Novice: 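My questions will all concern the structure given below.
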Amino acid sequence: MVRGRRSTQQVLKAVRTNARRLGYAVEKLPKVGKGSHTIWVVVDPEGKEIGRIGLTGHSGQQSQKVTRSNEEALEGVFGEGWLDK
């Protein structure tokens, strides 16, 4: 489980790094999520979505709940504890 909070930029950087390592890509969906959230998807080389997260649109640290939710959403893709690595 992730320790501490992360900013949107930190989470997105970790997602991109892990996706690149596995040969996947990260794309932002054109529509926005609830409020100021944006939706990002991880896609395999064939373009099939294999995971998604919602990131806040404001600067600064995300809440602990949002940070943990993002980590849990992609654990099946990147493995347990991927956000702390």
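Since the model is a prediction, treat every value here as computed from it, not as a measurement.
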Novice: Which heavy-atom pair separates A19 from V42 by the least distance, and what is that distance?
Specialist: CB-CG1, 4.4 Å
Novice: Rounded to the nearest 0.5 Å, what separation is found between the NZ atom of K48 and the OH atom of Y24?
Specialist: 10.0 Å
Novice: Return the minimal non-hydrogen interatomic distance between W82 and E75, and the atom names on each side.
Specialist: NE1-N, 3.9 Å
Novice: How close do V43 and E27 get, heavy atom to heavy atom, and via which atoms?
Specialist: CG2-OE2, 3.7 Å
Novice: How many angstroms lie between atom CG of L55 and atom NZ of K28, to the nearest 0.5 angstrom?
Specialist: 10.0 Å
Novice: Could you tell me which non-hydrogen atom of L22 sits nearest to which non-hydrogen atom of F78, and how far apart they are?
Specialist: CD1-CD2, 3.7 Å
Novice: Atom CZ in R5, atom CZ in R68: separation rounded to 0.5 Å?
Specialist: 11.5 Å
Novice: For residues G23 and P45, report the shortest heavy-atom separation together with the two atoms involved.
Specialist: O-CG, 3.5 Å
Novice: What's the spacing between R6 CZ and D84 CG if we round to 0.5 Å?
Specialist: 5.0 Å
Novice: Could you walk me through whether W40 and V15 pass the side-chain contact (heavy atoms from CB on, under 4.5 Å) test, one step at a time?
Specialist: CA-CA 9 Å; W40 294 81; V15 171; over 6 Å; no
Novice: May I ask whether V66 and L12 are part of the same hydrophobic cluster, defined by side-chain heavy atoms of I, L, V, M, F, W, Y residues being less than 4.5 angstrom apart, directly or through others?
Specialist: no
Novice: Is there a donor-acceptor contact under 3.5 Å from the side chain of T17 to the main chain of K13?
Specialist: yes
Novice: Working to the nearest 0.5 Å, report the span between CD of E80 and CD of E72.
Specialist: 10.5 Å
Novice: Which atom names give the shortest non-hydrogen contact between R52 and A73, and what distance separates them?
Specialist: O-CB, 3.6 Å
Novice: Pick from T38, V26, V11: which one makes a side-chain contact (heavy atoms from CB on, under 4.5 Å) with I53?
Specialist: V11
